[in-house]
A.B. asks: 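Take this structure, written in structure tokens, and hold onto it; I'll ask about it next.
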2 protein chains.
Amino acid sequence: MHEAEGGSGLAGTVAYRLGVLGALANTRFAARIEPYDLKPRHLALMTALDAGRVASQQDLAVRLGVAPSLVVALADHLESLGAVARTRDARDRRRQVLVLTGHGRELLGVCAAAARELDEELTAALPAGDRAALDRVLAALTSDAPAVEPGDAP
Amino acid sequence: MHEAEGGSGLAGTVAYRLGVLGALANTRFAARIEPYDLKPRHLALMTALDAGRVASQQDLAVRLGVAPSLVVALADHLESLGAVARTRDARDRRRQVLVLTGHGRELLGVCAAAARELDEELTAALPAGDRAALDRVLAALTSDAPAVEPGDAP
DNA sequence: TATTGTTATACTCTATAACTATA
DNA sequence: TATAGTTATAGAGTATAACAATA
């Protein structure tokens, strides 16, 4: 006979399911923010800025776990949208300090609202108690996770 | 003042957290199966084969939500490893029917065990009750999700 | 000499389009 | 003519390596 769902098969593991659901969440979030000319990686950068006050591009590369050259490209785009501003650090003129502009904070708020709408869709089939449990457990798992790691769907 | 964690910010949404954790799970799973010359997408294909008995490459492309040309490449690699076998459908000689070999099933089992080990690591910080809740809720969410969607980390 | 940001280049993943063979 | 598989090509995303300015 065959394995039951959630048995010893790969499809029953948390790792595999997180991968599938994460890819799904990302694709759908990307579709929602596309009208603002933003992609999930831009929001990750803006979220890091919003959380950590000021940050140099090197700081951000480390926090996001991406190459410094990618931060350049993301910051270029965000700057062209007026969402972030670059200013040279007066004490160390090598450093480019990024800050969210008012418009950037506005965009971030709009995209966060879009994510909350998506949350409703994703969890629509769950009883309220399970929704709360999911939120609580994901918060616990995210607290010690690196901000972003690249990766593909399984 | 600033937003608290889990407040109205993007970082507090289920969609964003699922994206981050999904990418993390995928990266770490990929690292564990790399010694077998396999990537998560290969495992997705093998899992679909294991679940659905026989399947043509077109069937699999639809199930996995990927282009048929990608199924060709994945099947080529799995065939070279001896994990799947291609056989022409006698009734419709255009169709290539893929089946898991004994070795393929073995590999799938080994990788599923690796995923369970990873599950232990990922959920080590959670109390047992929360682990059970996570497992239950992810199973519910995965049941109606398409097998695999491509996507990036936020 | 070491570090920050930048640019140039290459690599991985995946899709689209053109092609072959079967139907 | 339409469909399954394949091959060829192109695009997105990201990393690595070389470079310029500053320390």
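Both backbone and side-chain heavy atoms feed into the values below; hydrogens, waters and symmetry mates do not. Protein chains get the first letters and strands the later ones, always in sequence-line order, with residue 1 at the start of each.
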A.B. asks: For the residue pair B/Ala15 and A/Ala115, what are the closest heavy atoms and their distance?
C.D. replies: CB-O, 4.3 Å

A.B. asks: Could you give the CG-to-C1' distance, from A/Asn26 to D/dA12, as a whole number of Å?
C.D. replies: 15 Å

A.B. asks: Can you check the A/Leu60 CG to C/dT6 P distance for me, whole Å?
C.D. replies: 12 Å

A.B. asks: Any pair with a residue in residues 121-143 of chain B that passes ring-ring contact (aromatic ring centres under 6.0 Å, His included), sequence neighbours left out, goes on the list, sorted by first then second residue, please.
C.D. replies: none

A.B. asks: Could you tell me how far apart B/Leu64 (CG) and C/dA15 (P) are, to the nearest whole angstrom?
C.D. replies: 10 Å

A.B. asks: Could you note down all residue pairs passing ring-ring contact (aromatic ring centres under 6.0 Å, His included) where residues 86-124 of chain A supplies at least one of them, sequence neighbours left out?
C.D. replies: none

A.B. asks: Applying ring-ring contact (aromatic ring centres under 6.0 Å, His included), which residue pairs with at least one partner in residues 53-102 of chain B are found, sequence neighbours left out?
C.D. replies: B/His42-B/His77

A.B. asks: Could you tell me the separation between the CZ atom of A/Arg91 and the C1' atom of C/dT4, rounded to a whole number of Å?
C.D. replies: 16 Å

A.B. asks: Roughly how many Å is it from CG in A/Leu70 to C1' in C/dA10, rounded to a whole number?
C.D. replies: 15 Å

A.B. asks: Quick one: which residue pairs count as a ring-ring contact (aromatic ring centres under 6.0 Å, His included) with a foot in residues 81-100 of chain B, not counting sequence neighbours?
C.D. replies: none

A.B. asks: To the nearest Å, how far apart are B/Glu34 CD and C/dC13 C1'?
C.D. replies: 16 Å

A.B. asks: For C/dC13, take OP1 and OP2 only and decide whether either is under 4.0 Å from a side-chain N or O of B/Lys39.
C.D. replies: yes

A.B. asks: Could I get the full list of salt bridge (Lys or Arg N to Asp or Glu O under 4.0 Å) partners for B/Arg32, not counting sequence neighbours?
C.D. replies: B/Glu117, B/Glu121

A.B. asks: Using a 4.0 Å heavy-atom cut-off, write out nucleotides 3-10 of chain D from 5' to 3' as B (base contacted by protein), S (sugar-phosphate only) or - (no contact).
C.D. replies: BSSBB---

